[in-house]
Amino acid sequence: MSSISYAEEDEKLISAYVELKPNFVVNHVGNESQLKYIKTSISIRTDETKKELIEANMPLVRDAIVMFLSARTTEQVTGAIAREKTRADAAIAVNTALEEETGTTPVQDILFASFVTQ
């Protein structure tokens, strides 16, 4: 029999959301080396026990997202399929940065409330 009670297991499954404020506005390289920009509103889904860890490392989280988004090409941010891949890859980028700093990968998902490119 497991030493973890059902209440402890349920607690681990409670999602928490960290809204990143202010919104992000970053330049990225468009076609023919033309600079374009992305404006996006982002929240991070994690579990309740990791929310404070993300908030305590917010400068690192924001830097990882800015660096990640600024490296995207127009093709990587245009269309629903490309944006879904961007969401998944952004979570990996933030988890990688946090793992180097804290030894843990708390980000379950990156959620875009808005995503505008120009």
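Just the heavy atoms: all of them, side chains too, but no hydrogens, waters or symmetry mates, feed the values below.
Heavy atoms only, all atoms of each residue included: Ala97 and Ala64 are closest at CB-CB, 3.9 Å. What you find for Ile110 and Arg87 is that their closest heavy atoms are O-NH1, 2.6 Å. Residue Lys50 comes nearest to Pro106 through the heavy atom pair CB-CB, 3.6 Å, listed as atom of the first residue, atom of the second, then distance. Of all the heavy atoms in Arg62 and Asn23, the pair that sits closest is NH2-O, 3.9 Å.
Inter-residue side-chain proximity for Phe112 and Thr86 is flagged as met; some heavy-atom pair is nearer than 4.5 Å. Val18 places a side-chain heavy atom less than 4.5 Å from the side chain of Glu55. A 4.5 Å side-chain heavy-atom check between Asp89 and Arg72 finds at least one atom pair inside the cut-off. Here the side chains of Phe24 and Ile65 are in contact, with some heavy-atom distance below 4.5 Å. Lys39 places none of its side-chain heavy atoms less than 4.5 Å from the side chain of Thr117. Counting only heavy atoms from C-beta outward, the side chains of Ile38 and Val77 approach each other to under 4.5 Å. Side-chain contact between Tyr37 and Val26: absent, with no pair of heavy atoms (C-beta onward) separated by less than 4.5 Å.
With rounding to the nearest 0.5 angstrom, the OH atom of Tyr17 is 8.0 Å from the CG atom of Asp109. Remark: His28 NE2 to Ser70 OG distance equals 10.0 Å, nearest 0.5 Å. Between the NZ atom in Lys36 and the OG1 atom in Thr73 there is a gap of 11.0 Å [rounded to 0.5 Å]. Interatomic distance, OG of Ser41 versus CD of Glu19, reported as 5.5 Å (0.5 Å rounding).
Annotation: cation-pi pair Arg83/Phe115 absent, no NZ/CZ under 6.0 Å from the ring centroid and within 45° of its normal.
Note: the hydrophobic cluster containing Leu111 does not contain Ile44 (ILVMFWY, side chain heavy atoms under 4.5 Å, direct or indirect links). In the hydrophobic clustering of ILVMFWY residues, with side-chain heavy atoms under 4.5 Å counting as a link, Val66 and Phe68 come out together. Linking ILVMFWY residues whenever their side-chain heavy atoms come closer than 4.5 Å, directly or via other members, places Leu98 and Met58 in the same cluster. Residues Leu20 and Leu53 do not share a hydrophobic cluster, clusters being chains of Ile/Leu/Val/Met/Phe/Trp/Tyr side chains in contact below 4.5 Å.
Checked for salt-bridge contact, Glu48 and Lys51 miss the test: no charged N lies under 4.0 Å from a carboxylate O.
Between the side chain of Asn95 and the main chain of Val107, a donor-acceptor pair closer than 3.5 Å is present.
Atom CD1 of Ile81 is surrounded by 12 or fewer heavy atoms from other residues, nucleotides or ligands within 6.0 Å. More than 12 heavy-atom neighbours from other residues, nucleotides or ligands sit within 6.0 angstrom of CD on Glu75.
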